[in-house]
Peer 1: 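My questions will all concern the structure given below.
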Amino acid sequence: MNENIIKEISNDLKVNTLKVEATLKLLSEGNTIPFIARYRKEVTGNLDEEQIRKISDVYEYQMNLLKRKEDIIRLIDEKGLLTEELKNNILKCTKLVEVEDIYRPFKEKKKTKATEAIKNGLEPLAKIIMSFPKQITGIDKFLNDNVKTKEDAITGAKYIIAEWISDNAYYRKWIRSFLYKNASLTSKKKKNSVDENATYTIYYDFSEPLKGLKPHRILAINRGEKEGVLTVKLDYDEEKIIEFLEKKIIKRESFVNPLVKSAIKDSLKRLILPSVEREIRADLKEKGEDRAIENFSSNVEHLLLTPPLKDKVVLGYDPAFRTGCKLAVLDKTGKPLEIAVIYPTEPHNDIEGSKKKILELIDKYNIDIIAIGNGTASRESETFIADTIKDSKRKVEYVIVSEAGASVYSASPLAISEFPSLTVEKRSAISIGRRIQDALAELVKIDPKSIGVGLYQHDVPEKKLDESLGFVVLKTVNGVGVNINTASSSLVSYVSGHNINVIKELIDTRDIKGKFRSREELLKVKGMTPKVYEQSIGFLRIVDGDNPLDKTSVHPESYEKVEKLLECLNLSVNDLGSEKLIETLDKINEDEIIKKLDIDKYTLDDIISSLKQPERDLRDKYPQPVLRSDILH
């Protein structure tokens, strides 16, 4: 591992170098991020999934950067132009754009005004001008078939000087920094453009400094520009940049100074500013995308972590107008008991018939909760349900559920295989109902892009969005844990360390042989190698198995330590979660136990927590869905 890169990451992320090195070593050995975060806290110093992922991403960027540096050093050396100072300057760069700035003068150039001028023999004249002489004699010797006049010679020399200025890495870095600090992004409505929904009204005459520009504004302006509604540009004081370059480039008073000033302006307008502005716009776009993806991921995570309402009979209610509202009665495990359609909304307005059907279903199945989708006709359906349940013989509450992605799931091959005889809308009612019973188990069946509320999801790179959302689902599923005897293949697919073949074998084995009785049994499943088992088993639960520890998040690698701990305390695995065990563990001297068991503090704390609450659920600490019996005005 590269020591300089590790130091770079350590400084960048404010994480101790030893922790960075240890984390990278674990990753290089094929350990997954959830496994490292949960079961190797003593090695990383308790870094969480986000920090570990960041270390991995930054390391990958730095390794790519190093490779590019090495390539550029080699390419310059092959031309015989590498100096020790140049090499050190390249190695000191912290960003790819800085490396490319240094390499620019050495690149093979396409045909440009400067390359043509050089080909025409005008480079010596450009050098003479840049020496700021008192006079220039013998310009005639630079004239030829392609350079017919002294003016042509001077013009060609100026093109060469302009390119030299453009190729100077120091100037580019200064100009880029100046624009970031002082430029504003401005947008105006394009003449004769059509903004049908008045989407971009606030950007018709907009200007804001780059340093304070909100990421969502960048994406909105970019979209308006792409749709041909807005013209966008960077606004800044060009004179200050010219002043800076003149001060740096013009060494003394000379009659050539006006020529050099002209070359400076040409270099700026034609070569430097268009290029640097493109870089800045691309950088702003990337920052906007990153923030949009971050917000989208946060929304998805929030939905996935909705606490489940366990042991409730639920009526899934998919609202609609013309086609009627679809109903799905689900038992406490999410199994559909009855499907129906009612028409309480426009244009049918069959309120009495619909009311009768709802009350009949409540009585017949002892329904506890009605889950109403928040899509079309949701408000009208809420009014109808609130009024209807007042006449119920038992207590029934309702909840409004996000139905984002329900229609995507309903039309998917997975939904068709689950409910082949049902229409898309009826499957949607099942999905809405199940979301309140266990949001995580239901939402993993849907492409994460269809779950969250992402205002700019179509403005960000799909691959980047997929990676971020996939990581959020992975982190959440493993944080909660998976009951291997009831989980769908969709849920199992997100378990740390699993691959497609192992998932299929696990589900097939369970379906053929029945429930797994222990975690150890999973070792017999085809494809469950020791490494796959190690990475995944702590996140798989056997709730009613032979060993009570199998329902906890304790990893089997620590079972021996747990048994020794319980033995020391005159307890057994059958005491898990009991008051006696909790009281005993509250009184122990942790330092003594750490020495006695030869165990680290992180693992011991996790074990104690799991023994006290063997079936604890990460989602329990999040706010419960709001259950209502009447409309909140």
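As a basis for the values below, the full set of heavy atoms in this structure was taken, side chains included, without hydrogen atoms, waters or symmetry mates.
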Peer 1: Check whether the side chains of D71 and Y103 place a donor and an acceptor atom closer than 3.5 Å, and report yes or no.
Peer 2: no

Peer 1: Taking the ring centre of each residue, are F178 and W174 less than 6.0 Å apart?
Peer 2: yes

Peer 1: Taking T186 for its side chain and K233 for its backbone only, find out whether a donor-acceptor pair lies under 3.5 Å.
Peer 2: yes

Peer 1: Just so I know, are the side chains of P215 and E294 near enough to count as touching, which here means a heavy-atom distance under 4.5 Å?
Peer 2: no

Peer 1: Quick check: do I72 and I102 have side-chain heavy atoms less than 4.5 Å from each other?
Peer 2: no

Peer 1: Could D586 and K612 be called an ion pair, given the rule that one side-chain N must be under 4.0 Å from one carboxylate O?
Peer 2: yes

Peer 1: Checking K595 now: which residues fulfil side chain to side chain donor-acceptor pair (under 3.5 Å) with it, not counting sequence neighbours?
Peer 2: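 Scan of K595 (side chain to side chain donor-acceptor pair (under 3.5 Å), adjacent residues dropped) gives none.
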
Peer 1: Just wondering, do P307 and D617 contact through their side chains at under 4.5 Å, heavy atoms?
Peer 2: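 A side-chain contact is absent here, since even the closest heavy-atom pair is not under 4.5 Å.
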
Peer 1: Mind running side-chain hydrogen bond (donor to acceptor under 3.5 Å, both in side chains) on D283 and Y180 for me, showing each step along the way?
Peer 2: CA-CA 11 Å; D283 189 40; Y180 271 120; 2.4 Å; yes

Peer 1: Show the numbers, then the answer: is there a side-chain hydrogen bond (donor to acceptor under 3.5 Å, both in side chains) between E225 and Y200?
Peer 2: CA-CA 10 Å; E225 182 182 36; Y200 305 105; over 6 Å; no

Peer 1: In plain terms, say whether D605 and K601 are close enough for a salt bridge, that is, a side-chain N and a carboxylate O under 4.0 Å apart.
Peer 2: yes

Peer 1: Does the side chain of T509 reach to within under 4.5 Å of the side chain of K526, using non-hydrogen atoms?
Peer 2: no

Peer 1: Are side-chain N/O atoms of T552 and R541 paired as donor and acceptor at under 3.5 Å?
Peer 2: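 No - no donor-acceptor pair under 3.5 Å links their side chains.
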
Peer 1: Are E403 and R435 ion-paired here, with the side-chain N under 4.0 Å from a carboxylate O?
Peer 2: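 Salt bridge absent between E403 and R435.
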
Peer 1: Start with the C-alpha distance between Y59 and N64, add both sets of side-chain angles, then the distance that settles side-chain hydrogen bond (donor to acceptor under 3.5 Å, both in side chains), and finish with yes or no.
Peer 2: CA-CA 9 Å; Y59 186 72; N64 289 336; over 6 Å; no

Peer 1: Taking the side chain as every heavy atom from C-beta outward, state whether K240 and N182 have any atom pair closer than 4.5 Å.
Peer 2: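 No, too far: nothing below the 4.5 Å cut-off.
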
Peer 1: Could you go step by step and tell me if E418 and K445 meet the salt bridge (charged side-chain N to carboxylate O under 4.0 Å, His left out) rule?
Peer 2: CA-CA 11 Å; E418 274 193 276; K445 298 173 184 176; 3.4 Å; yes

Peer 1: Scan side-chain atoms only and decide if T603 and D600 contain a donor-acceptor pair under the 3.5 Å cut-off.
Peer 2: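 Side chains of T603 and D600: pair found under 3.5 Å.
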
Peer 1: Any chance the side chains of R434 and Y409 put a donor and an acceptor closer than 3.5 Å?
Peer 2: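 Judged by distance alone, the side chains do not pair up.
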
Peer 1: Test of understanding: with side chain to side chain contact (heavy atoms under 4.5 Å, CB included), list the residues that count as partners of K504, not counting sequence neighbours.
Peer 2: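 Checked K504 against side chain to side chain contact (heavy atoms under 4.5 Å, CB included); matches are D508.
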
Peer 1: How close do G405 and I446 get, heavy atom to heavy atom, and via which atoms?
Peer 2: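 Result for this residue pair: O-CD1, 3.7 Å.
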
Peer 1: Taking I400's backbone N and O only, do any of them form a donor-acceptor pair with N374's side chain (distance below 3.5 Å, no angle check)?
Peer 2: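 Not a single qualifying donor-acceptor pair exists.
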
Peer 1: Salt bridge check: are K173 and D101 linked by an N-O gap of less than 4.0 Å?
Peer 2: no

Peer 1: Checking S10 side chain against I6 main chain: does a donor-acceptor pair fall under 3.5 Å?
Peer 2: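 No, the answer is negative, given that no donor and acceptor are paired below the 3.5 Å cut-off.
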
Peer 1: Does S431 use its side chain to pair, donor to acceptor, with the backbone of S428 at less than 3.5 Å?
Peer 2: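 Flag not set: sc S431 to bb S428 has no pair under 3.5 Å.
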
Peer 1: Is it the case that more than 12 heavy atoms not belonging to E29 sit under 6.0 Å from its CD atom?
Peer 2: yes

Peer 1: Should the pair R510 and F516 be classed as cation-pi, given the thresholds of under 6.0 Å to the six-membered ring centre and 45° from the axis?
Peer 2: no

Peer 1: Counting only heavy atoms not in E78, do more than 12 fall under 6.0 Å of its CD?
Peer 2: yes

Peer 1: Looking at E100 and R68, is any side-chain nitrogen of the basic one under 4.0 Å from a carboxylate oxygen of the acidic one?
Peer 2: yes

Peer 1: Please identify each residue that fulfils ring-ring contact (aromatic ring centres under 6.0 Å, His included) with Y39, with sequence neighbours left out.
Peer 2: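 For Y39, the residues satisfying ring-ring contact (aromatic ring centres under 6.0 Å, His included) (neighbours in sequence not counted) are F35, F539, H555.
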
Peer 1: Answer with yes or no whether the side chains of R619 and T306 bring together a donor and an acceptor at under 3.5 Å.
Peer 2: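 Their side chains do not contain a donor-acceptor pair, so the 3.5 Å distance test is not met.
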
Peer 1: How far apart are the C-alpha atoms of K69 and C93, what are their side-chain angles, what is the distance that settles it, and do they pass the side chain to side chain contact (heavy atoms under 4.5 Å, CB included) test?
Peer 2: CA-CA 9 Å; K69 287 177 184 178; C93 291; 4.2 Å; yes

Peer 1: May I ask you to test the K214-I218 pair for a side-chain heavy-atom distance under 4.5 Å?
Peer 2: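 They are not in side-chain contact.
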
Peer 1: Using side chain to side chain contact (heavy atoms under 4.5 Å, CB included), reason through D57 and Y61 one step at a time and then give a plain yes or no.
Peer 2: CA-CA 6 Å; D57 288 348; Y61 175 83; over 6 Å; no

Peer 1: Could you tell me whether the side chain of F106 reaches within less than 4.5 Å of the side chain of L86, counting heavy atoms only?
Peer 2: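 L86 vs F106: side chains touch.
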
Peer 1: Counting only heavy atoms not in K531, do more than 12 fall under 6.0 Å of its NZ?
Peer 2: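 More than 12 heavy atoms, drawn from other residues, nucleotides or ligands, come within 6.0 Å of this atom.
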
Peer 1: E301: which residues meet the salt bridge (charged side-chain N to carboxylate O under 4.0 Å, His left out) condition with it, sequence neighbours left out?
Peer 2: K475

Peer 1: Look at the side chain of S610 and the backbone N and O of D606, then say whether any donor-acceptor pair between them is shorter than 3.5 Å.
Peer 2: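 Yes; judged by distance alone, with no hydrogens or angles, the pair exists.
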
Peer 1: Assess whether atom NZ of K87 is packed by more than 12 heavy atoms of other residues, nucleotides or ligands within 6.0 Å.
Peer 2: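 No.
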
Peer 1: Test of understanding: with salt bridge (charged side-chain N to carboxylate O under 4.0 Å, His left out), list the residues that count as partners of K226, not counting sequence neighbours.
Peer 2: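 K226: no salt bridge (charged side-chain N to carboxylate O under 4.0 Å, His left out) contacts found.
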
Peer 1: Nearest 0.5 Å, what's the CG-CD distance between L585 and E590?
Peer 2: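 Answer rounded to 0.5 Å: 9.5 Å.
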
Peer 1: Would you say that more than 12 heavy atoms from the other residues, nucleotides or ligands in this model lie under 6.0 Å from the NZ of K54, or not?
Peer 2: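 12 or below, so no.
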
Peer 1: Are more than 12 heavy atoms from other residues, nucleotides or ligands located less than 6.0 Å from atom NZ of K464?
Peer 2: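 Atom NZ in K464 is packed in, count exceeds 12.
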
Peer 1: Do other residues, nucleotides or ligands put more than 12 heavy atoms under 6.0 Å from K285 NZ?
Peer 2: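 At most 12 heavy atoms, drawn from other residues, nucleotides or ligands, come within 6.0 Å of this atom.
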
Peer 1: Hey, are T23 and T44 close enough side-chain-wise for a donor-acceptor pair under 3.5 Å?
Peer 2: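 No, T23 and T44 have no side-chain donor paired with an acceptor closer than 3.5 Å.
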
Peer 1: Please test H302 against N299 for side chain to side chain contact (heavy atoms under 4.5 Å, CB included), starting from the C-alpha separation and ending with a verdict.
Peer 2: CA-CA 5 Å; H302 182 73; N299 291 336; 5.6 Å; no

Peer 1: Looking at K41 and R38, would you say the former's side chain and the latter's main chain have a donor-acceptor pair under 3.5 Å?
Peer 2: no

Peer 1: So, does S558 use its side chain to make a donor-acceptor pair with the main chain of V554 at under 3.5 Å?
Peer 2: no

Peer 1: Is the side chain of S468 donor-acceptor paired with the backbone N or O of L465 at a distance under 3.5 Å, no angle test?
Peer 2: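 Absent.
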
Peer 1: Salt-bridged, R40 to E557, with N to O below 4.0 Å?
Peer 2: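 Answer for the salt bridge query: yes.
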
Peer 1: With distance as the sole test, does S496 use its side chain to make a donor-acceptor pair with the main-chain N or O of T32 at under 3.5 Å?
Peer 2: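 Checking the backbone N and O of T32 against the side chain of S496, no donor-acceptor pair under 3.5 Å is found.
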
Peer 1: After noting the C-alpha distance and the side-chain angles of S184 and E208, does the key distance pass the side chain to side chain contact (heavy atoms under 4.5 Å, CB included) rule?
Peer 2: CA-CA 5 Å; S184 293; E208 197 166 309; 5.9 Å; no

Peer 1: Is there a donor-acceptor pair under 3.5 Å between the side chain of N11 and the backbone N or O of K7?
Peer 2: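 Such a contact is found between N11 side chain and K7 backbone.
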
Peer 1: Would you please name every residue forming a salt bridge (charged side-chain N to carboxylate O under 4.0 Å, His left out) with E279, sequence neighbours left out?
Peer 2: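 R176.
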
Peer 1: Using a distance-only test with no angle check, is there a side-chain donor-acceptor pair under 3.5 angstrom linking Y236 and E277?
Peer 2: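 Note: Y236 and E277 side chains meet the donor-acceptor criterion.
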
Peer 1: Any non-hydrogen side-chain atom of L273 less than 4.5 Å from a side-chain atom of I241?
Peer 2: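 Sidechains of I241 and L273: in contact.
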
